[in-house]
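See structure below.
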There are 2 protein chains.
Amino acid sequence: MSERGSGVATREAIRAAAERLFLDRGYARTPVRDIAGAAGVNAALVIRYFGSKEELFLETMRLTIDDEPLLDVPIESFGRRFVEVVLSTDDIRGVYLALVRGSGESRIAERLREVHEQALVAPLRARLSGADADLRARMAAAAVGGLLYSLWVVGDEDLAADRDELVARYGAIVQQLVAPLP
Amino acid sequence: MSERGSGVATREAIRAAAERLFLDRGYARTPVRDIAGAAGVNAALVIRYFGSKEELFLETMRLTIDDEPLLDVPIESFGRRFVEVVLSTDDIRGVYLALVRGSGESRIAERLREVHEQALVAPLRARLSGADADLRARMAAAAVGGLLYSLWVVGDEDLAADRDELVARYGAIVQQLVAPLP
DNA sequence: GTCTATATGCAGATAGAC
DNA sequence: GTCTATCTGCATATAGAC
């Protein structure tokens, strides 16, 4: 079966190898030759299939946050729960780091905007209403983004030391933005 | 005068050209040859003087925030004023962006930690007291870092639209962390 | 001492052989 | 569909001109 089959499997092998290496080492520190090696093919073939290293990067560095566990959360505890979900969703860290560090390239920056909008702004925006809902959602997304930045880009060890306390207290800040006390 | 003089001027010309180009285009997108060209010398000379492109980058990407205008600020308006100062200090944007994007290199990441600590955490920490002062300062620094991240790395145009309102409202969040209401 | 010319080695990408 | 050979441009190292 599948006289035309093997190309598809090879393409997927390249994609999977690239995803793993990009998440692990980022864009700049991952040579195309290493991706090819991990996939068991020639480096030229990687370019053949995906056009360029940047295309392959964009093909693999996607992120969709699962909203569902957040929909049932009562509004009074939404801020904290959102921080908790973002910090414990597996894929976020690697994708976020790779996109932030690669954002000197304009297309990677564009992807970062999309991911930020979809993963942080949108879930917050969905729970807000009122005239300034959009601004509040964007400020809350900025605050959450700042937590990821401090923990993962800067690597603030003292901030990471007590994760439960961090979730509780930083969550309370986000909560203030989502549903300010009267 | 100065039989040994011209080398000093050349070195400074290279340093100045490098600073301008790194701030403008970042680390990855600035070839050593461009720096040399802008300084009017050969590329090999740049390496001669500074050892490597990375050394030169670290030599130029420093940042010291001027604390003084913050020392007199009453504690009730400190959060807002701090946001205002950070957003309007000229050098911060370029240095911050270049360091964040270059942070895949371990020495650049280390410099980012230093700058984050010195420019964001320390001024906040200086105004706080109490058992949890350090954690509160780090959370406030994360929040401010998130603002820079959203505005400059992500490029959230909607957030940037009304700067005065942003300063007032995001400043209020930082204020909550600096001096929480009783 | 200060600088240039040139060489080395690695990266992404292309042409075309098999 | 896959690989070999090769091009171009990069950071960096060395030799030696002035």
Side-chain angles (χ1 to χ4, degrees), chain A residues 1-22 24-61 98 101-108 111, chain B residues 1-22 24-61 98 101-108 111:
Chain A
M1 52 282 188
S2 73
E3 300 90 293
R4 62 183 176 84
S6 103
V8 177
T10 301
R11 187 189 166 94
E12 174 52 25
I14 293 169
R15 207 207 56 76
E19 181 174 19
R20 186 172 60 76
L21 288 170
F22 283 140
D24 219 54
R25 311 185 199 162
Y27 182 72
R29 296 172 60 105
T30 304
V32 171
R33 283 168 171 83
D34 285 11
I35 297 169
V41 298
N42 186 275
L45 200 60
V46 173
I47 302 296
R48 265 281 155 113
Y49 274 118
F50 291 91
S52 72
K53 177 179 166 177
E54 190 178 281
E55 291 288 344
L56 176 55
F57 182 78
L58 291 170
E59 187 83 16
T60 53
M61 295 296 107
R101 289 179 175 152
S103 66
E105 302 296 323
S106 60
R107 299 184 60 199
I108 297 178
R111 172 63 53 83
Chain B
M1 54 298 177
S2 71
E3 300 91 291
R4 61 180 176 88
S6 101
V8 178
T10 302
R11 187 187 164 93
E12 173 52 24
I14 293 169
R15 207 207 55 76
E19 179 173 19
R20 187 171 59 77
L21 289 169
F22 283 140
D24 219 53
R25 312 184 199 161
Y27 182 74
R29 298 174 58 106
T30 304
V32 172
R33 281 169 171 83
D34 286 10
I35 297 169
V41 299
N42 186 278
L45 199 61
V46 174
I47 301 297
R48 265 272 159 126
Y49 275 120
F50 292 91
S52 71
K53 176 178 165 178
E54 191 178 281
E55 290 288 343
L56 176 55
F57 181 77
L58 291 170
E59 186 83 16
T60 52
M61 294 298 106
R101 288 177 175 155
S103 65
E105 302 296 322
S106 62
R107 297 185 61 198
I108 298 177
R111 173 62 53 83

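Letters A, B, ... mirror the listed sequences (proteins, then strands); counts begin at 1.
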- Look at A:Asp34 together with A:Arg25 and state whether they make a salt bridge at an N to O cut-off of under 4.0 Å. yes
- CD of B:Glu105 to NZ of B:Lys53, rounded to nearest 0.5 Å, is 9.5 Å
- To the nearest Å, give me how far apart CG (B:Asn42) and C1' (D:dC10) are. 15 Å
- Task: Calculate the interatomic distance between A:Ile14 atom CD1 and D:dT2 atom C1'; express it in whole Å.
- Result: 10 Å
- hbond_proxy A:Arg33 side chain to C:dG12 base (donor-acceptor, 3.5 Å cutoff): yes
- Are any of B:Tyr49's side-chain N or O atoms less than 4.0 Å away from OP1 or OP2 of C:dC3? yes
- Item | Which nucleotide in C:dG12, C:dT2, C:dA15 has an atom nearest any side-chain atom of A:Arg48 | C:dA15
- Apply side-chain hydrogen bond (donor to acceptor under 3.5 Å, both in side chains) to A:Thr60 and A:Arg15, showing your working. CA-CA 7 Å; A:Thr60 53; A:Arg15 207 207 56 76; 5.9 Å; no
- Hey, does the side chain of B:Ser52 come within less than 4.0 Å of D:dA11's phosphate (OP1/OP2), counting only N and O? no
- Item | Out of C:dC3, D:dC3, C:dG12, whichever nucleotide has its closest atom nearest the side chain of B:Leu45 | C:dC3
- Task: Find the distance between OH (A:Tyr27) and CD (A:Glu54) and round it off to the nearest 0.5 Å.
- Result: 4.5 Å
- Task: Report the distance from atom CG of A:Leu21 to atom C1' of C:dA11, rounded to the nearest whole Å.
- Result: 16 Å
- Task: Go through D:dA13, D:dC3, C:dG12 for me and flag the one nearest to the B:Ile47 side chain.
- Result: D:dA13
- Query: What's the verdict on side chain to side chain contact (heavy atoms under 4.5 Å, CB included) for B:Phe57 and B:Arg107, showing C-alpha distance, side-chain angles and the deciding distance?
  - Reply: CA-CA 10 Å; B:Phe57 181 77; B:Arg107 297 185 61 198; over 6 Å; no
- Query: Tell me: CZ of B:Phe57 to P of D:dA11, nearest whole Å?
  - Reply: 14 Å
- Message: Looking at A:Thr10, I'd like to know whether one of its side-chain N or O atoms comes within less than 4.0 Å of OP1 or OP2 on D:dG1.
- Response: no
- Over how many whole Å does the gap from A:Phe22 atom CZ to C:dG12 atom P extend? 9 Å
- Nearest-nucleotide wise, let me know which of B:Ala28 and A:Ala44 is further upstream toward the 5' end of DNA chain D. A:Ala44
- Task: Determine the contact category for B:Phe50: base if any of its heavy atoms lies under 4.0 Å from a base atom, sugar-phosphate if only primed atoms, P, OP1 or OP2 are that close, otherwise nothing.
- Result: nothing
- Task: Could you tell me the separation between the CZ atom of B:Arg29 and the P atom of D:dC10, rounded to a whole number of Å?
- Result: 12 Å
- Whole-Å distance between D:dC10 P and B:Tyr27 OH? 14 Å
- Message: How many whole angstroms separate atom CZ of B:Arg11 from atom C1' of C:dC3?
- Response: 16 Å
